[in-house]
Number of protein chains: 2
Amino acid sequence: MEVKNKIDETGHERLVRCGIRPSVQRLAVMNYLMENRVHPTVDKIFSDLYPSMPTLSRTTVYNTLKLLVESGAAIMLTIDEKNTRFDADTKPHTHFMCNKCGAVIDLNINPPILRGNYIDECEILNSELFLYGYCPECANKNKN
Amino acid sequence: MEVKNKIDETGHERLVRCGIRPSVQRLAVMNYLMENRVHPTVDKIFSDLYPSMPTLSRTTVYNTLKLLVESGAAIMLTIDEKNTRFDADTKPHTHFMCNKCGAVIDLNINPPILRGNYIDECEILNSELFLYGYCPECANKNKN
DNA sequence: TTCTACTTTTGTAATGATTTCAAAAGTGAA
DNA sequence: TTCACTTTTGAAATCATTACAAAAGTAGAA
């Protein structure tokens, strides 16, 4: 079985590879994303980093995440209607969101890779497969 | 070839079938969605209906769309990061958004139907396949 | 080292979508 | 017609995100 979420780069290496100058703040956000694979929201990232970086600004987190996504160092997920979420895993994979607790989880099924195809004359560049339902914990609670 | 977006119900029938009392405003929103299959945003729906219903409130459009989605009379799409979009077609189908002009289009490919399956112990209730790229018009413009 | 130009961060204010809420209007049955 | 209930309305509040300009940081040249 494939190792899930394997990362063979440090945050610093990822930034440099993607052409991003590694400032303290950018490194903190990049490392946070690589170490916390729960698809965190902006607010989660900010409030987790803030205690150890009390001068950190929310705007910087927004700026940095935008830069990471534009440079291909992370991806943005719109699976959660309420908040944008971010993921350091840039390889195509499938996401699941629990309707009850809101957790966003990576699933071990491959999404259809359609990049480069034309469907109904539309040129496909990328695809997202989002699944919704109950996560293992909430599915169990539901049975009782 | 399958007829795309075939509708065999009136807006009134759809509301009743879904257990929604058909007020003037609800009927207007339901009919608008059934007649305008472009996955409109809340604001688009409101501003198109407003001229012929000058007492209509934006809040009513929000309330009504929420009710339609909860009752299964429409679906909500998070394909567009900026605005929630709505679709009267509740059958599983695939959506495409143009990276350039922002148009959201139905595609003639079937998304994987996973309802009822368990994947990585997650109970799947529904799925969304979102594709991004260039729509026919924008793909052509790109070539010049 | 100091100067200078450039990049990045910061905090506040603005924006825009959505929700809250309570009053007003509408509806339907007795 | 009254009464209880549902729905609509519009204003205010909320919340995520963006704009912006000042402050801070950085790095190379003199």
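Chain A is the first sequence line, chain B the second, and so forth, proteins listed ahead of strands; every chain is numbered from 1.
Remark: P of C:dA25 and CD of B:Gln25 are 14 Å apart, rounded to the nearest angstrom. Spacing between atom CG of A:Asn63 and atom P of D:dA16 amounts to 17 Å, rounded to whole angstrom units. In this structure, B:Leu65 atom CG and C:dT18 atom C1' are separated by 12 Å, rounded to whole Å. To the nearest angstrom, P of C:dT9 lies 14 Å from NZ of A:Lys66. Rounded to an integer number of Å, the gap from B:Lys44 NZ to C:dA17 P is 15 Å. Spacing between atom OH of A:Tyr62 and atom C1' of C:dT12 amounts to 15 Å, rounded to whole angstrom units. A:Asp80 has its CG atom 15 Å from the C1' atom of C:dA17, to the nearest Å. As rounded to whole Å, 9 Å separates atom P of C:dG11 from atom CG of A:Leu56.
Defined by atom type and a distance below 3.5 Å, a donor-acceptor pair is missing between the side-chain atoms of A:Asn99 and A:Tyr134. Side-chain polar atoms of A:Asn110 and A:His93 form no donor-acceptor pair below 3.5 angstrom.
Across all strands, B:Asp43 comes closer than 4.0 Å to no nucleic acid atom at all (heavy-atom distances).
Between C:dT8, D:dA16, C:dT18, one nucleotide has an atom nearer to the side chain of A:Ser23 than all others, and that is C:dT8.
B:Thr41 has no side-chain polar atom (N or O) that falls below the 4.0 Å cut-off from OP1 or OP2 of C:dA17. Of the side-chain N and O atoms in A:Thr55, one or more sit less than 4.0 angstrom from OP1 or OP2 of C:dT10. Under 4.0 angstrom from either OP1 or OP2 of C:dT8 there lies no side-chain N or O belonging to A:Thr60.
When each of B:Lys82 and B:Ser57 is assigned the nucleotide of DNA chain D with its nearest heavy atom, B:Ser57 is the one assigned upstream, toward the 5' end. Mapping B:Arg21 and B:Thr84 onto DNA chain C by nearest heavy atom places B:Thr84 at the nucleotide closer to the 5' end. Between A:Arg58 and B:Met53, the one whose closest nucleotide on DNA chain D sits nearer the 5' end is B:Met53.
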**Request:** Before giving the answer on ring pair (Phe, Tyr, Trp, His ring centres under 6.0 Å), spell out for A:Phe96 and A:Tyr132 the whole-Å C-alpha distance, their side-chain angles and the decisive distance to 0.1 Å.
**Result:** CA-CA 6 Å; A:Phe96 169 89; A:Tyr132 298 86; 7.8 Å; no
**Request:** Test B:His95 against B:Asp87 for side-chain hydrogen bond (donor to acceptor under 3.5 Å, both in side chains), laying out the working first.
**Result:** CA-CA 10 Å; B:His95 292 102; B:Asp87 191 346; 2.9 Å; yes
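Residue B:Thr59 places a side-chain atom within donor-acceptor reach of the base of D:dA11, judged by atom type and a 3.5 Å distance cut-off alone.
Atom CG of A:Asp106 is separated from atom NZ of A:Lys91 by 9.0 Å, given to the nearest 0.5 angstrom.
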